[in-house]
Amino acid sequence: MAGPLRFRRSNGTWTRQRVREQLLSPLDASFGARIEEPWFPVGDDRFDAVRFEMDNGDFAFFCFRPGRAYWLGNTETPEPLWRTDKETFTEAPYAVSRWAQRELTARMEVSDPWLTEYEYVTWFFLPVFCSKDGRDSTRRFFEEDAAGFPDATREAGLEFYESLLRTGVLDEYRYTMASKLGTSPGYDIGRMRATMAEFNTAKILADAGLEFVPEVEQDSGHALDFAVDDHLIEVTRPEPPARRSHADHPVAAVKETGGAKRTDQLAKHPDAALFVDCTSFTETEWSAVRGEKPHVGHEPTVVYRARPNGHIEGYRHGRLPFDIGDGIEWV
């Protein structure tokens with residue numbers, strides 16, 4: 001899979017003639033392509049820039065000056081750029097990164113104005129909203145599934161994550177977090193909902209004023225979802241009963257999904273806290289869980305459900321090694 005958008009950096013010298021011969025020509029032969037002027041200038045006068053538009057809807061941007069060039073696109077990379085280093089929007093020069101993101105955002109303003117109304121969501125997920133793998137599935141997820149909230153409008157789901165991302169608490173981890181949403185080869189709604197569970201947990205931690213690091217690699221070979229100081233957190237999200245072939249009761253779904261972690265990451269890291277996100281459950285389903293407060297066989301465990309208005313309620317078994325204060329209303 002192609003993964004999120006990243007620049008390819010070339011240290012060669014490019015001219016418009018070379019661009020046409022070595023970039024446009026193979027793209028045109030493969031897809032049908034044309035070269036156009038970009039919508040915005042690069043904020044560095046040393047760079048020339050072009051835009052490639054393919055007949056299949058793919059696109060690419062290319063800016064270049066003597067000894068340095070940057071390619072960004074969701075199409076096949078031409079062979080002269082294969083053996084080049086990749087850079088994120090943060091790693092590339094500011095002027096180049098800002099130019100490319102302005103171009104991408106402007107494209108989305110034309111195709112999906114309902115989405116670009118949410119500035120921080122658009123910016124944060126731009127590497128997957130415009131990627132080869134994620135451009136269709138990620139936008140569809142926010143539009144049709146309200147980013148994982150049942151019985152909610154797309155606007156309500158978008159506003160929840162706009163509020164979280166506006167704080168900037170996840171800016172440093174943009175590629176780490178955003179890339180999880182858009183690298184499935186198809187519309188994998190279960191996987192995308194599970195990704196958003198990590199954003200929900202991040203909100204709980206941020207609202208509690210806790211500093212955290214996501215996606216923490218361990219010597220065991222596992223990467224746990226968060227670390228708060230030296231304390232690890234693993235997040236899981238049960239599918240609602242209607243989408244399960246067995247465990248067709250919400251309490252059973254919580255037990256099964258939480259219990260599955262005991263034989264995987266938690267078997268190697270028994271001191272980690274487990275967060276079980278029941279946001280996919282309807283009010284009726286969550287009421288059953290809230291009433292019974294099932295145990296999943298691991299402590300500490302937090303079981304919670306988030307709503308688009310920002311309210312999060314839940315219960316816990318065992319003592320957490322950190323205080324999440326007002327991050328959850330305990331029931």
Taking all non-hydrogen atoms of both residues, which atom of Phe141 and which atom of Tyr187 are closest, and how far apart? CA-OH, 3.6 Å
Separation between NZ of Lys203 and CG of Leu165, rounded to the nearest 0.5 Å: 11.0 Å
Looking at Glu313 and Glu329, would you say the former's side chain and the latter's main chain have a donor-acceptor pair under 3.5 Å? no
For the side chain of Tyr315 and the backbone of Pro294, is there at least one donor-acceptor N/O pair under 3.5 Å apart? yes
Should Glu36 and Arg34 count as an ion pair when the cut-off is N to O under 4.0 Å? yes
With a 4.5 Å cut-off on side-chain heavy-atom distances among I, L, V, M, F, W and Y, is there a chain of contacts connecting Tyr304 to Val228? yes
Treating Asn200 as the side-chain partner and Thr279 as the backbone partner, does any N or O pair qualify as donor plus acceptor under 3.5 Å? no
If the plane angle is over 60° it's perpendicular, under 30° parallel, otherwise tilted; pick one for Phe129 and Phe125. tilted
Could you check whether Tyr175 and Thr90, counting side-chain N and O atoms only, form a donor-acceptor pair closer than 3.5 Å? no
So, Phe59 versus Phe61, ring centres under 6.0 angstrom or not? yes
Cationic tip of Arg316 above Trp330 ring, under 6.0 Å, 45° of axis: yes
Take Glu37 and Arg16, measure what salt bridge (charged side-chain N to carboxylate O under 4.0 Å, His left out) needs, and give me the verdict at the end. CA-CA 12 Å; Glu37 294 302 309; Arg16 288 236 169 181; 2.8 Å; yes
How about Tyr70 and Phe62: are their ring centres within less than 6.0 Å of each other? no
For the backbone of Glu234 and the side chain of Asp225, can you confirm whether one donor and one acceptor N or O come within less than 3.5 Å of each other? no
In this structure, is the centre-to-centre distance between the rings of Phe89 and Phe7 below 6.0 Å? yes
Is there a side-chain contact between Pro214 and Met177 in this structure, where contact means two heavy atoms from C-beta onward sitting under 4.5 Å apart? yes
Within 45 degrees of the axis of the six-membered ring of Phe199 and under 6.0 Å from its centre: does Lys180 put its NZ or CZ there? no
Backbone N or O of Val254 within a donor-acceptor pair of the Thr257 side chain at under 3.5 Å? no
Does a donor on one side chain and an acceptor on the other come within less than 3.5 Å for Ser287 and Arg290? yes
Answer with yes or no whether the side chains of Gln101 and Trp123 bring together a donor and an acceptor at under 3.5 Å. yes
Whether Asp229 side chain and His231 backbone form a donor-acceptor pair below 3.5 Å: no
Heavy-atom pair of closest approach, residues Lys268 and Ser220: CB-CB, 4.1 Å
Is it true that a side-chain atom of His249 and a backbone atom of Ala288 form a donor plus acceptor pair closer than 3.5 Å? no
Evaluate the ring planes of Phe212 and Phe226, with Trp represented by its six-membered ring, and classify them as parallel (under 30°), tilted (30 to 60°) or perpendicular (over 60°). perpendicular
Taking every non-hydrogen atom, the tightest pair across Arg319 and Pro300: O-CB, 3.6 Å
Heavy-atom closest pair, residues Phe40 and Trp99: O-NE1, 2.9 Å
So does Leu224 get a backbone contact from the side chain of His269, meaning a donor-acceptor N/O pair under 3.5 Å? no
Against the six-membered ring of Trp14, is Arg18 placed for a cation-pi contact (under 6.0 Å from the centre, within 45° of the normal)? yes
Checking the side chain of Thr263 only, and the main-chain atoms of Gly259 only, is there a donor and an acceptor separated by less than 3.5 Å? no
What are the two closest non-hydrogen atoms of Ala147 and Tyr161, and how far apart are they? CB-CE1, 3.6 Å
Starting from Leu72, can I reach Phe64 by hopping between I/L/V/M/F/W/Y residues whose side chains sit under 4.5 Å apart? no
Could you report the tightest heavy-atom contact between Trp114 and Arg139, atom names first, then the distance? CH2-O, 3.5 Å
Is it the case that the side chain of Arg20 and the backbone of Ser25 share a donor-acceptor pair, with hydrogens and angles ignored and the cut-off at 3.5 Å? no
